[in-house]
Engineer: 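The structure under discussion is supplied below as structure tokens; questions concerning it will follow.
What you are looking at is a predicted structure, and each value in this text was computed from that prediction instead of being measured. Every heavy atom of this structure was used, including side-chain atoms; hydrogens, water molecules and symmetry mates were not.
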Amino acid sequence: MKVVVSAGLPTSIKLVALRIAEANNWEFRPNPFAKRDYDYLVYVSDPRLDTYLVGKSFPVDRVVVYLITEGVLRYDLKKVMGKQRVVAPTNFVKDMIEKHDIKVEKVIPHGIEIPKNVKPVSEKKGYFYRAYYLPRKYPDYGLNAFERWVSKRKHYDDIDIYLVGAPYFPQDFKLKARFPFFKIKNPITKKEMAELYDSHRFYLNLSDAEGFGLTPLEAMSYGEIIITAYYPAIRDYLPVDCNIAVGIKDYWLEKIEYEYILHAEYEPENYLKALEISEELTEKELEKMSRCNIETAKKFDYKKVYLEFKKLIDEIAK
């Protein structure tokens, strides 16, 4: 039985597909349409045009779509997808998909690469965040809290925030004008990311919306403590006792091409308080929280969690 894994457009989605293929010793194929010499296709994507094409071009009993969404879809997904088997990465995504009367076969979380060695938190300092510009990655209420905090501290030498994107976004330069210490770097290599994760105590997650949120979980694997809004998707893996989670004030929708992204708005004052709390933690508290995150993240080793896809394919093939 031959299984092929393919993916949609974003780089992060391609990385997920590559890891699914590696974990199961399957072939990753950039273009699943070119040659259909396989029995089953696992397709990783968000609900863009390519997902429609897969839904209409392949036998429904031979495709598993690992579907990632960040909110309410703008179209009738059932009409587009037909009866393909659908897998979701979080319970939040499952709920969004099932609003279209589509059964989600399984919730299989995104897997991450577990680092072999991690520095103790006592050898680290400061705050790290890495994201390309989108309204959900740098919401105004998060930036307002951050700006007030930096102004009170009067220093930012221990804060590393990287704006990334391909190509660079005009908003990157607007943010850098507002915060001159922000860095614009594209790309950040895998080795550089590992070093950044492993040299900071806190991951400053400003984002207010995700379908999963890979970078906070990756940061946890290095023992970083996450300062974040407690948005729906992150609840699947973030232990609140080991991190600094900010409650949600309200939700609002952002219209994009294929969905309404569900933003979980938080109070700037509460995020500011979370930042201040981070500076008051003792070394003992930091060590306990860091170790908790490392142990939690180990449960999401991609070499283990993605074996669930093989189990599903085996069940389908019976």
Side-chain angles (χ1 to χ4, degrees), residues 118-165 168-189 191-208 210 213-231 234 238 242-246 265-283 285-287 289-290 293:
V118 176
K119 291 179 183 176
V121 72
S122 59
E123 296 181 12
K124 305 177 184 182
K125 67 175 184 178
Y127 303 77
F128 170 51
Y129 183 52
R130 171 261 186 208
Y132 53 90
Y133 179 78
L134 284 173
R136 68 180 181 275
K137 304 287 187 180
Y138 296 92
D140 287 340
Y141 27 90
L143 289 173
N144 289 339
F146 177 79
E147 190 169 39
R148 289 165 61 189
W149 177 61
V150 172
S151 178
K152 284 184 178 182
R153 296 175 94 231
K154 298 182 180 179
H155 72 94
Y156 44 80
D157 57 306
D158 61 343
I159 302 171
D160 289 302
I161 295 185
Y162 284 83
L163 292 153
V164 296
Y168 297 127
F169 296 97
Q171 189 67 31
D172 289 351
F173 298 98
K174 291 181 181 179
L175 280 177
K176 187 164 176 59
R178 181 177 175 184
F179 302 101
F181 57 93
F182 280 19
K183 302 175 179 68
I184 298 178
K185 183 173 173 56
N186 178 38
I188 299 179
T189 67
K191 181 180 178 182
E192 288 171 333
M193 279 295 291
E195 290 172 349
L196 286 164
Y197 281 138
D198 205 25
S199 58
H200 293 84
R201 290 184 166 188
F202 298 95
Y203 189 74
L204 188 60
N205 191 40
L206 294 169
S207 180
D208 69 357
E210 300 288 348
L214 270 170
T215 53
L217 183 57
E218 289 175 341
M220 285 169 57
S221 74
Y222 284 87
E224 283 197 77
I225 296 149
I226 316 301
I227 304 172
T228 184
Y230 199 47
Y231 51 77
I234 207 169
L238 186 89
C242 308
N243 297 282
I244 307 174
V246 177
E265 181 177 352
Y266 51 90
E267 286 280 8
E269 194 66 36
N270 291 340
Y271 203 89
L272 173 61
K273 185 177 179 181
L275 291 165
E276 292 171 343
I277 287 171
S278 73
E279 297 183 297
E280 298 169 359
L281 294 169
T282 65
E283 291 295 321
E285 289 171 325
L286 286 167
E287 177 58 36
M289 295 167 80
S290 178
N293 277 346

Engineer: When rounded to the nearest 0.5 angstrom, what is the spacing between NE2 in His200 and CD1 in Ile159?
Structural biologist: 9.5 Å
Engineer: To the nearest 0.5 Å, how far apart are CZ in Phe146 and CZ in Arg178?
Structural biologist: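 Going from CZ on Phe146 over to CZ on Arg178, the span is 10.0 Å.
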Engineer: Report the C-alpha distance between Lys273 and Ile277 in whole Å, list the side-chain angles of each, state the deciding distance to 0.1 Å, and finish with yes or no for side-chain contact (heavy atoms from CB on, under 4.5 Å).
Structural biologist: CA-CA 6 Å; Lys273 185 177 179 181; Ile277 287 171; 4.1 Å; yes
Engineer: Can you name the nearest heavy-atom pair linking Met193 to Phe128, along with the distance?
Structural biologist: SD-CZ, 4.0 Å
Engineer: Rounded to the nearest 0.5 Å, what separation is found between the OG atom of Ser199 and the CG atom of Asp160?
Structural biologist: 7.0 Å
Engineer: Quick one: salt bridge (Lys or Arg N to Asp or Glu O under 4.0 Å) pairs with a partner in residues 125-139, sequence neighbours left out?
Structural biologist: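 Sorted result for residues 125-139: Glu70-Arg136, Lys137-Glu210.
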Engineer: To the nearest 0.5 angstrom, please state how far the CZ atom of Phe181 sits from the CD1 atom of Ile161.
Structural biologist: 6.0 Å
Engineer: Answer whether the closest heavy-atom distance between the side chains of Tyr197 and Thr215 falls below 4.5 Å.
Structural biologist: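 In short, these two side chains touch, coming nearer than 4.5 Å.
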Engineer: Could you tell me if the side chain of Phe179 sits less than 4.5 Å from the side chain of Tyr138, heavy atoms only?
Structural biologist: no
Engineer: Run the side chain to side chain donor-acceptor pair (under 3.5 Å) test against Asp158 and tell me which residues pass, sequence neighbours left out.
Structural biologist: Arg153
Engineer: Can you tell which of Leu238, Ile244, Val246, Asn243 makes a side-chain contact (heavy atoms from CB on, under 4.5 Å) with Thr228?
Structural biologist: Leu238
Engineer: Which atom pair, heavy atoms only, marks the closest approach of Ala145 to Pro268?
Structural biologist: CB-O, 3.2 Å
Engineer: Between Phe182 and Ile184, is any pair of side-chain heavy atoms under 4.5 Å apart?
Structural biologist: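 Phe182 vs Ile184: side chains apart.
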Engineer: Kindly indicate whether the side chain of Leu163, heavy atoms from C-beta on, has any atom under 4.5 Å from the side chain of Phe173.
Structural biologist: no
Engineer: Could you pull out all residues at least two apart from Lys176 that satisfy side chain to side chain donor-acceptor pair (under 3.5 Å)?
Structural biologist: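 Side chain to side chain donor-acceptor pair (under 3.5 Å) check on Lys176 returns nothing, list empty.
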Engineer: Mind checking what makes side chain to side chain donor-acceptor pair (under 3.5 Å) contact with Glu265, not counting sequence neighbours?
Structural biologist: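 Once residues adjacent in sequence are excluded, Glu265 has no partner under the side chain to side chain donor-acceptor pair (under 3.5 Å) criterion.
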Engineer: What pairs of residues pass the salt bridge (Lys or Arg N to Asp or Glu O under 4.0 Å) test when at least one of them lies in residues 195-205, not counting sequence neighbours?
Structural biologist: Lys124-Asp198, Arg201-Glu283
Engineer: Measuring from atom CD of Glu267 to atom CG of Asn144, what distance do you get when rounded to the nearest 0.5 angstrom?
Structural biologist: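 Reported value, rounded in 0.5 Å steps: 11.5 Å.
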Engineer: Mind checking whether Leu196 and Ile188 have side chains closer than 4.5 Å, heavy atoms only?
Structural biologist: yes
Engineer: Can you name the one residue among Trp149, Tyr162, Tyr203 that meets ring pair (Phe, Tyr, Trp, His ring centres under 6.0 Å) with Tyr127?
Structural biologist: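 The single option meeting the ring pair (Phe, Tyr, Trp, His ring centres under 6.0 Å) with Tyr127 is Trp149.
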Engineer: With sequence neighbours left out, what residues match Tyr222 under side chain to side chain donor-acceptor pair (under 3.5 Å)?
Structural biologist: none
Engineer: Closest approach of Gly223 and Ser290, non-hydrogen atoms and distance?
Structural biologist: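 Answer, listing the atom of Gly223 first, then Ser290: O-OG, 2.7 Å.
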Engineer: Could you check if a side-chain atom of Asn293 sits within less than 4.5 angstrom of a side-chain atom of Glu224, using non-hydrogen atoms only?
Structural biologist: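 When only atoms from C-beta onward are counted, Glu224 and Asn293 do not touch, as no gap falls below 4.5 Å.
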Engineer: Decide yes or no for Glu279 and Leu275: does some side-chain heavy atom of the first lie under 4.5 Å from some side-chain heavy atom of the second?
Structural biologist: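 No, their side chains stay 4.5 Å or more apart.
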Engineer: Glu123 side chain to Pro120 main-chain N or O, any donor-acceptor pair under 3.5 Å?
Structural biologist: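 Judged by distance alone, no pair lies under 3.5 Å.
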Engineer: To the nearest 0.5 angstrom, please state how far the CG atom of Asp140 sits from the CG atom of Asp208.
Structural biologist: 10.0 Å
Engineer: Any donor-acceptor pair under 3.5 Å linking the side-chain atoms of Tyr231 with those of Asn205?
Structural biologist: yes
Engineer: Which pair of non-hydrogen atoms, one from Tyr271 and one from Ile227, has the smallest distance, and what is that distance?
Structural biologist: OH-O, 3.0 Å
Engineer: Of the non-hydrogen atoms in Leu206 and Gly142, which two are nearest, and what is the gap between them?
Structural biologist: CD2-O, 3.9 Å
Engineer: What are the two closest non-hydrogen atoms of Ser207 and Ala229, and how far apart are they?
Structural biologist: O-CB, 4.1 Å
